[in-house]
Amino acid sequence: MAAAVATAKPLPIDLPYMPLLKEPLPAGRPREWYIRHNRRLKAMRLAIALLDSGVYRAEQADDRRIRSTADLVGVHPPSDITCHMVRALMRYSR
């Protein structure tokens with residue numbers, strides 16, 4: 001039985017993390033679409049970083065904490081709108 005376990009393929013989760021290749025955004029959209037898209041991505045990155053650091057509730061994530069997390073992660077300081085989106089993402093994940 002132990003030999004069967006040793007020869008089994010590793011699960012994909014055991015493999016090292018490899019980021020996906022980035023593809024260019026589709027052309028021809030209005031400028032507001034690109035701004036909203038990038039803001040959503042930034043809010044998602046910040047929400048994940050906050051969750052990883054132990055901030056699990058939207059009430060714990062004030063603007064100061066979100067901006068300090070952005071500094072730690074290496075992204076530009078978020079606007080008030082992006083901070084609001086981060087809290088909304090954390091609230092809706094429950």
Side-chain angles (χ1 to χ4, degrees):
M1 192 75 166
V5 174
T7 60
K9 288 185 178 180
L11 295 174
I13 200 163
D14 292 337
L15 300 175
Y17 170 73
M18 294 291 296
L20 298 173
L21 295 175
K22 291 185 179 181
E23 295 182 15
L25 293 175
R29 305 265 174 121
R31 179 171 170 75
E32 293 79 26
W33 184 89
Y34 297 104
I35 293 170
R36 277 194 316 259
H37 176 76
N38 290 330
R39 183 170 280 149
R40 285 184 195 124
L41 291 178
K42 185 180 208 176
M44 183 68 73
R45 270 188 233 113
L46 290 171
I48 291 169
L50 284 165
L51 291 170
D52 287 344
S53 69
V55 178
Y56 300 113
R57 297 172 49 103
E59 297 82 27
Q60 296 172 323
D62 57 347
D63 288 352
R64 185 183 54 80
R65 180 170 279 179
I66 293 172
R67 289 189 174 110
S68 66
T69 303
D71 189 39
L72 288 173
V73 173
V75 297
H76 290 287
S79 65
D80 292 340
I81 296 170
T82 307
C83 290
H84 179 74
M85 287 178 75
V86 169
R87 284 188 290 275
L89 281 171
M90 294 177 75
R91 195 172 295 120
Y92 293 135
S93 67
R94 302 192 145 245

Scan the side chains in residues 59-68 for donor-acceptor partners under 3.5 Å anywhere in the protein, sequence neighbours excluded, and list what turns up.
{"unit_1": "Glu59", "atom_1": "OE1", "unit_2": "Arg57", "atom_2": "NE", "d": "3.3"}
{"unit_1": "Glu59", "atom_1": "OE1", "unit_2": "Arg57", "atom_2": "NH2", "d": "3.2"}
{"unit_1": "Gln60", "atom_1": "OE1", "unit_2": "Tyr56", "atom_2": "N", "d": "3.1"}
{"unit_1": "Gln60", "atom_1": "OE1", "unit_2": "Arg57", "atom_2": "N", "d": "3.2"}
{"unit_1": "Asp62", "atom_1": "OD1", "unit_2": "Arg65", "atom_2": "N", "d": "3.1"}
{"unit_1": "Asp63", "atom_1": "OD1", "unit_2": "Arg87", "atom_2": "NH1", "d": "2.9"}
{"unit_1": "Asp63", "atom_1": "OD1", "unit_2": "Arg87", "atom_2": "NH2", "d": "3.2"}
{"unit_1": "Arg65", "atom_1": "NH1", "unit_2": "Gln60", "atom_2": "O", "d": "3.4"}
{"unit_1": "Arg67", "atom_1": "NE", "unit_2": "Pro78", "atom_2": "O", "d": "3.0"}
{"unit_1": "Arg67", "atom_1": "NH2", "unit_2": "Pro78", "atom_2": "O", "d": "3.2"}
{"unit_1": "Arg67", "atom_1": "NH2", "unit_2": "Asp80", "atom_2": "OD1", "d": "2.7"}
{"unit_1": "Ser68", "atom_1": "OG", "unit_2": "Arg64", "atom_2": "O", "d": "3.4"}
{"unit_1": "Ser68", "atom_1": "OG", "unit_2": "Arg65", "atom_2": "O", "d": "2.9"}

Linking I/L/V/M/F/W/Y whenever any side-chain heavy atoms sit under 4.5 Å apart, do Val55 and Val73 land together?
-> yes
Can I get a per-line list of side-chain donor-acceptor pairs under 3.5 Å for residues 41-52, giving both atom names and the distance, sequence neighbours left out?
{"unit_1": "Lys42", "atom_1": "NZ", "unit_2": "His76", "atom_2": "O", "d": "3.0"}

The remaining residues in the hydrophobic cluster of Leu72, counting side-chain heavy-atom contacts under 4.5 Å among Ile, Leu, Val, Met, Phe, Trp and Tyr, are none
Residues at least two apart in sequence or cross-chain that pass side-chain hydrogen bond (donor to acceptor under 3.5 Å, both in side chains) with Arg39, listed by chain then number, are Thr82
Apart from Tyr34 itself, its cluster of hydrophobic side chains linked below 4.5 Å comprises Leu25, Trp33
side-chain hydrogen bond (donor to acceptor under 3.5 Å, both in side chains) pairs touching residues 20-31, sequence neighbours excluded, are none
